[in-house]
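Indexing begins at 1, ligand by ligand and atom by atom, following the structure's order. All heavy atoms count here, side chains included; hydrogens, waters and symmetry mates do not. Everything quoted here is computed from the prediction, not taken from an experiment.
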Amino acid sequence: MSLSQDDLKKFEANGYLFFPSLFSKEEVGVLTGELDDIFAREIPSNVREKNSNIVRTSFAVQMYNAAYARLARHPRMVKPVEEVFNEKLYMHQFKVNAKAAFGGDVWQWHQDFGTWHEDDGMPEPRAMNIAIFLDDVNEFNGPLMFVPGSHKRGVVNAGHDVTTTSFPLWTIDQNNIKDLVDAGGIVAPKGPAGSMIMFHSCLVHASGSNLSPWDRRTVYLSLCAVSNKITRFHRPGFISHRSFDAIECLPDDCLLRDYEVELPWSGGIPASELEASWKM
Ligand code: SIN
Ligand code: MN
């Protein structure tokens with residue numbers, strides 16, 4: 001998939017692009033079919049909600065599950081980001097956020113680059129999130145919200161929030177959010193399962209809790225330019241990967257055909273990848 005001049009202009013102005021129904025129902029089914037098994041695992045990479053045992057985020061699924069390993073090399077996800085940065089990419093982070101029906105908790109307002117810079121020593125915001133809806137997303141099941149144009153502000157002041165939810169994040173205070181929203185408003189792309197969003201690592205975003213009876217599962221690839229390697233290893237390797245190999249794409253039908261992929265963590269997560277403060 002190639003981005004048009006119009007896509008590039010919109011991305012520049014708004015900091016995100018939305019591609020409704022980019023993946024077919026059959027392709028999405030291959031991914032959702034794996035999730036019961038993935039979420040049922042009692043492993044540290046399955047981070048639970050603060051006040052329940054429900055999985056909030058399942059990290060590094062592509063390291064042990066073949067369907068997600070193929071997705072991690074999918075040209076519809078990887079090529080547009082290569083085009084924006086004009087270089088090859090490595091996988092900085094890979095996660096499935098469950099945002100479970102009735103139980104999925106909030107994500108406070110933040111920029112991903114804020115966390116990647118502070119916690120992982122990522123030098124520049126030459127990294128991008130690219131997400132696929134694994135369920136239909138509507139106004140009730142906690143859609144991702146963006147402040148369009150906020151990526152142009154660079155890194156906005158943030159404080160380390162280690163209490164509100166189960167996942168520590170550098171979050172932006174309410175006065176700053178008010179100013180940003182006064183300027184840019186808020187949008188929440190909604191659409192069928194299989195829709196894709198690409199968003200800039202400095203784009204301010206959040207999501208509310210999911211009080212609806214519908215899950216809002218989303219898979220996120222955080223892709224970083226190979227020239228922009230992280231320099232700090234304070235978080236476990238299943239959250240911030242420590243390998244900078246350039247991603248080589250599989251063919252476009254890779255979710256529907258059984259291409260061979262490496263599954264380095266199929267026997268379990270290596271002890272070194274569970275440790276924080278790892279030294280290269
Ligand atoms: C994130 O910001 O990393 C996730 C937000 C969401 O899934 O709602
Ligand atoms: Mn985020």
Side-chain angles (χ1 to χ4, degrees), residues 15-16 18 31-32 35 38-39 45-50 54-61 77 81 91-120 122 125 127-148 150-151 153 155-156 158-162 164-172 177 180 186-191 193 195-212 214-224 235 238-241:
Y16 75 96
F18 183 47
L31 299 169
T32 53
L35 287 178
I38 289 167
F39 290 166
S45 54
N46 277 347
V47 174
R48 315 264 158 189
E49 295 287 3
K50 190 175 179 193
I54 297 172
V55 171
R56 173 177 178 78
T57 299
S58 190
F59 285 104
V61 177
M77 302 196 84
V81 183
M91 188 70 67
H92 173 243
Q93 188 176 82
F94 187 107
K95 62 182 188 261
V96 180
N97 280 356
K99 188 73 82 175
F102 299 115
D105 204 354
V106 302
W107 287 83
Q108 303 287 6
W109 289 107
H110 68 283
Q111 296 170 304
D112 286 346
F113 181 67
T115 298
W116 298 341
H117 187 63
E118 287 294 334
D119 290 350
D120 305 328
M122 185 183 284
M128 187 93 76
N129 273 314
I130 188 133
I132 300 177
F133 297 174
L134 298 176
D135 295 296
D136 296 347
V137 175
N138 55 45
E139 60 268 55
F140 308 111
N141 61 353
L144 196 55
M145 302 185 284
F146 297 128
V147 181
S150 54
H151 62 300
R153 304 287 183 105
V155 179
V156 178
H160 205 202
D161 177 2
V162 291
T164 321
T165 67
S166 65
F167 191 71
L169 209 59
W170 289 84
T171 60
I172 301 170
I177 293 299
L180 289 165
I186 300 178
V187 296
K190 294 172 282 287
S195 300
M196 186 171 92
I197 303 180
M198 172 172 118
F199 64 98
H200 194 286
S201 56
C202 288
L203 192 70
V204 174
H205 61 284
S207 62
S209 59
N210 184 3
L211 291 176
S212 84
W214 305 298
D215 291 332
R216 193 230 63 183
R217 298 165 299 180
T218 309
V219 56
Y220 293 89
L221 278 59
S222 302
L223 299 170
C224 190
R235 301 200 289 177
F238 64 81
I239 297 180
S240 305
H241 289 310

Numbered in order shown, the ligand 1 atoms found under 4.0 Å of a heavy atom of H110 are 1 (C), 2 (O)
Numbered in order shown, the ligand 1 atoms found under 4.0 Å of a heavy atom of R216 are 6 (C), 7 (O), 8 (O)
Value for CD1 (I186) from CZ (F146), rounded to nearest 0.5 Å, stands at 12.0 Å
So CZ of F113 and CG of D120: to nearest 0.5 Å the spacing works out to 10.0 Å
Worksheet item: Hey, would you say the H205 and H110 ring centroids sit under 6.0 Å apart?
Response: yes
Residue pair N129 / D112, side-chain donor-acceptor N/O under 3.5 Å: yes
Which residue and atom name correspond to the protein heavy atom nearest [atom], and how close is it?
{"atom": "atom 4 (C) of ligand 1", "result": "N97 ND2, 3.1 Å"}
{"atom": "atom 3 (O) of ligand 1", "result": "K95 NZ, 3.2 Å"}
{"atom": "atom 8 (O) of ligand 1", "result": "S207 OG, 2.6 Å"}
{"atom": "atom 6 (C) of ligand 1", "result": "Y220 OH, 3.2 Å"}

- prompt: Quick one: does L144 get a heavy atom under 4.0 Å from ligand 1?
  reply: yes
Whether W170 and H160 hold their rings parallel, tilted or perpendicular, with breakpoints at 30° and 60° | parallel
Once you measure the plane-to-plane angle for Y220 and F199, does it fall in the parallel (<30°), tilted (30-60°) or perpendicular (>60°) bin? perpendicular
Contact region, Q93 to ligand 1, non-hydrogen atoms below 4.0 Å, reads neither
Test of proximity, K99 against ligand 1: N or O pairs below 3.5 Å: no
For the Mn ion (ligand 2), the nearest N/O/S atom on D112 is atom OD1
Between H205 atom NE2 and H110 atom NE2, the angle centred on the Mn ion (ligand 2) rounds (to 10°) to 90°
